[in-house]
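Notes for the one structure printed next.
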Amino acid sequence: MKKVIFIAGILTFQFASSQLYTSAGVVNQSSTPASNNIGIGIHNPHSNLEVGDQNGGKITISTAGWSASSSNPKYPTLEFAGYQNSPKVRITATEETGNTNGSKFSILVNDNNGATNLVERFSILQDGKVGIGTSTPVERLDVSGNIIAGASSSTAGINAFAIRYEDGSLSNWGALRSSASTYMSFGAKANPSNLGWLSSNGTLNFAKTAITLDNEGLRFLASPAQQAALNAPVSLNELLKISPNGNALLNGKLEAKEIKITHTPTADFVFESTYDLPKLEDVEKHIKEKKHLPEIASGKVMEKEGVNIGSFQIQLLQKVEELTLYSIEQNKQLKNQQERIQQLETENAELKKLHQEVEQLKKQFLTLKANH
């Protein structure tokens, strides 16, 4: 049973299971004065429209049971209007699933570029992905733009962002936080000591560090200890850069237990039978004229252009292998000389022996001659 009653210029309804009221009472009582507050299921509405039920009130905005497709979606909408009834905020639950149960929840805001220009700022997809600043989130939370979080005071000690451990526990050691001692800090700690943190502080001196990834590649930057607020510019020096092509630049010294360089070709071509080993006379002439080894860059060129360690090592290996061939050749010559010297010494000994024999024969001859 439903009644339609018109009282004091207000159109009201009375239903069998619920009634429409004003803040002054039930409107289907002709003696009740008119009110701007309307209640459904409640006698004393506290706002212009209040829906009440002892189990919780509910308002449904629907497509009247109709479904839609992605090419022609329907938008059950709750809208907030302002000056000249222009829309300010619109909340929609998009029906575009073609008679299935999926949906998309969106909040659109007027971006101040026109009276009716609404832009989607918040989205929840049917698979649970949430987008802020993007209507097509690709992860559980997808934010297009910057994020600022935390309490209003840097001394509040609030964890603005934290990552749970695999076992579900949560600790400051894996959090971006603000506290009384650090304006902003991030780090991972494996023990209770105060180590392993990168910090930016407005009252204490800390070395600022940063890692950037863009079209130029991966870069590591740092600056000396200085005081700077979070939103203040900080001059950082580039320490290490790895370009997209794999080249790396280090502005400083490198210390390592082991470095392995792969480079082809090697210098083994020196040992081929077809290799034209330079004559030492030519090498000597080149050194006197150029003041550096053949096929090796001069000191001035190295200072200007730097040294390719891989190529330079191969060039040095080439010279070592050439020196090895020179040494082998010299060793052969020394052996030949030693053999010749030994032969000459043997011949000399034989000559001495013959000389001694001749002297003895001479003495014997002179003795015989004197006796006769």
Membership question, hydrophobic clusters at under 4.5 Å side-chain separation (ILVMFWY): are [Y] and [X] in the same one?
X	Y	value
Ile107	Ile147	yes
Leu325	Ile296	yes
Val301	Ile314	no
Ile309	Val320	no
Tyr326	Leu316	yes

Can you name the closest pair of heavy atoms from [X] and [Y] and give their distance?
X	Y	value
Tyr275	Phe269	CB-O, 3.5 Å
Ser67	Glu95	OG-OE2, 3.1 Å
Asn44	Glu50	O-OE1, 4.0 Å
Ala93	Pro76	O-CD, 3.0 Å
Val283	Pro278	CG2-CB, 4.0 Å
Ala115	Ser86	O-CB, 3.3 Å

Short question: side chain of [X], backbone of [Y] - any donor-acceptor pair under 3.5 Å?
X	Y	value
Asn331	Lys335	no
Asn72	Ala68	no
Ser327	Leu323	yes
Asp53	Gly41	no

How long is the straight-line distance from [atom2] of [Y] back to [atom1] of [X], given to the nearest 0.5 Å?
X	Y	atom1	atom2	result
Thr77	Arg90	OG1	CZ	6.0 Å
Lys241	Arg219	NZ	CZ	6.5 Å
Lys319	Gln315	NZ	CD	8.0 Å
Asn117	Leu108	CG	CG	10.0 Å
Gln337	Gln330	CD	CD	10.0 Å
Gln356	Leu361	CD	CG	12.0 Å

Enclosure of [X] [atom1] (heavy-atom neighbours >12, cutoff 6.0 Å):
X	atom1	value
Asp282	CG	yes
Tyr83	OH	no
Lys88	NZ	yes
Asn348	CG	yes
Gln342	CD	no
Asn371	CG	yes
Asn245	CG	yes

Could you list the donor-acceptor pairs under 3.5 angstrom formed by side chains in residues 130-143, with sequence neighbours left out?
unit_1, atom_1, unit_2, atom_2, d
Thr134, OG1, Thr136, N, 3.3
Arg140, NH1, Asp127, O, 3.1
Asp142, OD2, Val138, N, 3.2

field: Salt bridge Lys288-Glu284, side-chain N to carboxylate O under 4.0 Å
entry: yes
- request: Could you tell me whether Lys300 and Glu303 have a side-chain N and a carboxylate O separated by less than 4.0 Å?
  value: no
- prompt: Are the side chains of Leu240 and Asn251 in touch, meaning some heavy atoms are under 4.5 Å apart?
  reply: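 When only atoms from C-beta onward are counted, Asn251 and Leu240 do not touch, as no gap falls below 4.5 Å.
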field: pair Glu329-Leu277: side-chain heavy atoms closer than 4.5 Å
entry: no
task: Apply side-chain contact (heavy atoms from CB on, under 4.5 Å) to Asn48 and Asn37, showing your working.
output: CA-CA 4 Å; Asn48 297 106; Asn37 292 348; 4.0 Å; yes
message: Is there a side-chain contact (heavy atoms from CB on, under 4.5 Å) between Val270 and Thr324? Walk through the geometry before answering.
response: CA-CA 10 Å; Val270 172; Thr324 302; over 6 Å; no
